[in-house]
Amino acid sequence: MRFRKLHDWDLTPKEAVALQRQLVSQVVLNRPDKRPPQLIAGVDASYPRFSNRITAGVVVCHRDDWSIVESSYAVLDSPFPYVPGLLSFRELPGLLEAFKGLKTRPDAIIVDGQGRAHPRRFGIGCHLGLWLDIPTIGCGKTRLCGEFAEPSNERGGRSDLIDKEEVIGEVLRTRTGVKPVYASIGHKFDLVSAVDLLLDCAPRYRLPEPIRLAHHFVNESRLASTEDA
DNA sequence: GCGACAG
DNA sequence: ATCTTGTCGC
C-alpha cells in the first residue's frame with residue numbers, strides 16, 4: 001500500500017501534543033463511503049519484556065468468514081516511550097511500515113486502542129485513519145478517559161462514554177457476562193456504524209476477530225523473526 | 001498537590 | 001505491552 005506522508009516522527013512529547021491538537025481538525029466524523037466494508041484489517045503490536053523493539057503487524061480478512069486475505073509486519077525500534085495519550089507516536093511508525101508491505105487496501109481498519117475516546121480526541125485510531133485515509137475505528141480493552149454507566153450484562157449492552165459533556169465513544173458488551181470494550185470513531189466513521197461493525201466482528205469472543213487475528217499474527221511474527229533485543 | 005493513565 | 005500457574009465457570 002502507498003500513502004502520503006503526513007508529518008515527521010522525531011518529536012518531543014510536547015511537540016507530539018501540539019501536533020495532535022493540529023491534526024484533530026482533519027478527522028472525519030461520519031462515513032462518506034456508505035458501502036458495507038468487506039475487507040477488514042486488524043492491527044496490533046508486540047514487544048519483548050524490557051525492550052522498545054516493536055513488531056507491528058496488520059491482518060486483512062474477509063468479513064464473511066474471517067479468512068485471511070493478506071498480512072504484513074515490520075520490526076523496528078520505537079522512537080517513543082509509552083506515554084498515556086501519546087500511544088500513536090510509539091506504535092504508528094512500525095504499523096505504517098507494515099502497511100507499506102500490504103498489496104490489499106482494506107475497506108476498514110480496527111485498531112487496538114482508542115479513537116476519539118482520548119483527552120484531545122485524537123487516539124491512535126484517528127491518527128492511523130488520517131495517515132492512510134481509510135475508515136478506522138478504535139476498540140480499546142480498557143478506558144483512557146471519560147465516564148460511563150455500567151452497560152447491561154448481555155451481549156449488545158452499551159452505554160455512552162462521556163468526557164466534558166461530550167459523547168466520545170460507547171462502552172460495548174460484545175459477550176454476555178464479560179468485560180465490555182471501549183468503542184470510538186477513528187476516522188470516516190460514525191459511532192453507530194462503529195458499534196454495529198464491532199458487534200458483527202465479535203460474534204463469539206470479547207475482542208473483534210480482526211484484532212484477534214492481528215494479535216496472534218504479531219506474536220508469532222515476533223517469536224519467529226526477532227531474536228529479542 | 002493528588003489521583004488517573006489506551007498499549 | 002510483558003511475565004506467569006492455577007483455577008473457576010459455561
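The analysis underlying the following values was restricted to heavy atoms, covering all of them including side chains, and did not include hydrogens, waters or symmetry mates. Numbers restart at 1 for each chain; the letters A, B, ... are given by sequence-line order, proteins then strands.
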- Query: Does the side chain of A:Glu70 come within less than 4.5 Å of A:Pro106's, by heavy atoms?
  - Reply: no

- Non-neighbouring partners of A:Arg155 that pass salt bridge (Lys or Arg N to Asp or Glu O under 4.0 Å), sequence neighbours left out: none

- Item | Check: A:Ser67 main-chain N/O paired with A:Asp65 side-chain donor or acceptor under 3.5 Å | yes

- Within residues 115-126 of chain A, those residues having any heavy atom closer than 4.0 Å to DNA chain B are A:His118, A:Gly123, A:Ile124

- Where chain A begins and ends its contact with DNA chain B, read 5' to 3' at 4.0 Å from heavy atoms: B:dA4 to B:dG7

- Message: Counting the atoms with a prime plus P, OP1 and OP2 as sugar-phosphate, which does A:His127 contact under 4.0 Å by heavy atoms, base, sugar-phosphate, or nothing?
- Response: nothing

- Note on the structure: In whole angstroms, the gap separating P of C:dA1 from CD of A:Gln114 amounts to 13 Å

- Task: Give the rounded distance in Å between these two atoms: CZ of A:Arg90 and P of C:dA1.
- Result: 12 Å

- Note on the structure: Correct closest heavy-atom pair for A:Ala108 and A:Leu197 would be CB-CD2, 4.4 Å

- Atom CD of A:Glu91 and atom C1' of C:dT2: how far apart are they, to the nearest Å? 13 Å

- Note on the structure: For nucleotides 5-10 of chain C, 5' to 3', base contacts (B), sugar-phosphate-only contacts (S) and non-contacts (-) with protein non-hydrogen atoms under 4.0 Å give ------

- Any side-chain heavy atom of A:Leu23 within less than 4.5 Å of one from A:Phe122? yes

- Message: Quick check on C:dT2: is either OP1 or OP2 less than 4.0 Å from any side-chain nitrogen or oxygen of A:Ser46?
- Response: yes

- Go through residues 166-202 of chain A and report each residue with a non-hydrogen atom lying under 4.0 Å from DNA chain B, sorted by number. none

- Message: Enumerate the salt bridge (charged side-chain N to carboxylate O under 4.0 Å, His left out) contacts for residues 195-204 of chain A, please, sequence neighbours excluded, ordered by first and then second residue.
- Response: A:Arg63-A:Asp200

- Task: Report yes if some heavy atom in the side chain of A:Pro180 is under 4.5 Å from a heavy atom in the side chain of A:Leu172; otherwise report no.
- Result: no

- Remember a base hit wins even if backbone is also touched, and classify A:Gly85 as base, sugar-phosphate or nothing at under 4.0 Å, heavy atoms. base

- Ignoring hydrogens and angles, tell me if any N or O in the side chain of A:Arg53 forms a donor-acceptor pair with the backbone of A:Pro48 under 3.5 Å. no

- Query: Yes or no on salt bridge (charged side-chain N to carboxylate O under 4.0 Å, His left out) for A:Glu166 and A:Arg116, after CA distance, side-chain angles and deciding distance?
  - Reply: CA-CA 11 Å; A:Glu166 181 186 3; A:Arg116 270 189 84 207; 2.3 Å; yes

- Message: Just N and O in the side chain of A:Asn219: are any of them under 4.0 Å from OP1 or OP2 of C:dT2?
- Response: yes

- Message: List the residues meeting salt bridge (Lys or Arg N to Asp or Glu O under 4.0 Å) with A:Arg4, not counting sequence neighbours, and say none if there are none.
- Response: none

- Item | Axial cation check for A:Tyr47 ring with A:Arg222, 6.0 Å and 45° limits | no

- Represent DNA chain B in dot-bracket notation, 5' to 3'. Only Watson-Crick or G-U wobble pairs with both distances under 3.5 Å count; pseudoknot-style crossings use [ ] and interstrand partners use |. .......

- side chain to side chain contact (heavy atoms under 4.5 Å, CB included) with A:Leu19: which of A:Leu6, A:Val24, A:Asp8, A:Leu11? A:Leu11

- Message: Assess the residue pair A:Leu191 and A:Glu170 against the criterion (side-chain contact (heavy atoms from CB on, under 4.5 Å)); give the C-alpha distance rounded to whole Å, side-chain angles, the decisive distance to 0.1 Å, and a yes or no.
- Response: CA-CA 8 Å; A:Leu191 197 48; A:Glu170 257 343 88; 3.8 Å; yes

- Message: Quick check on contacts: within residues 143-150 of chain A, what sits under 4.0 Å from DNA chain B by heavy-atom distance?
- Response: A:Arg143, A:Leu144

- Task: Round to a whole Å and report the spacing from CG of A:Leu223 to C1' of C:dC3.
- Result: 13 Å

- Item | Ion pair check, A:Asp112 and A:Lys141, cut-off under 4.0 Å | yes

- Message: Would you compute the distance between atom CD1 of A:Ile110 and atom OG1 of A:Thr136 and round it to the nearest 0.5 angstrom?
- Response: 10.0 Å

- Item | Min side-chain heavy-atom separation A:Ile68-A:Val60 under 4.5 Å | no

- A:Ser221 and A:Tyr73 have their tightest heavy-atom pair at OG-CD2, 3.5 Å

- Query: Which residue pairs pass the ring pair (Phe, Tyr, Trp, His ring centres under 6.0 Å) test with at least one member in residues 78-116 of chain A, sequence neighbours excluded?
  - Reply: A:Trp9-A:Phe89, A:Phe80-A:Phe89, A:Phe89-A:His127

- Determine: side-chain N/O of A:Arg222 to OP1/OP2 of C:dT2, distance under 4.0 Å, yes or no. yes

- Item | A:Glu150: partners by salt bridge (Lys or Arg N to Asp or Glu O under 4.0 Å), with sequence neighbours left out | A:Arg173

- Message: Other residues, nucleotides and ligands only: do more than 12 of their heavy atoms fall within 6.0 Å of CD on A:Glu147?
- Response: no

- Message: Applying a 4.0 Å non-hydrogen cut-off, can you work out what A:Tyr47 is touching in the nucleic acid: base, sugar-phosphate, or nothing?
- Response: sugar-phosphate

- Task: Begin from the C-alpha positions of A:Ile134 and A:Arg105 and carry the test side-chain contact (heavy atoms from CB on, under 4.5 Å) through to its verdict.
- Result: CA-CA 9 Å; A:Ile134 290 178; A:Arg105 184 180 176 84; 3.4 Å; yes

- DNA chain C: stems of at least 3 consecutive Watson-Crick or G-U pairs whose donor-acceptor distances fall under 3.5 Å: none

- What is the nucleic acid contact for A:Leu86, judged by heavy atoms within less than 4.0 Å: base, sugar-phosphate only, or nothing? base

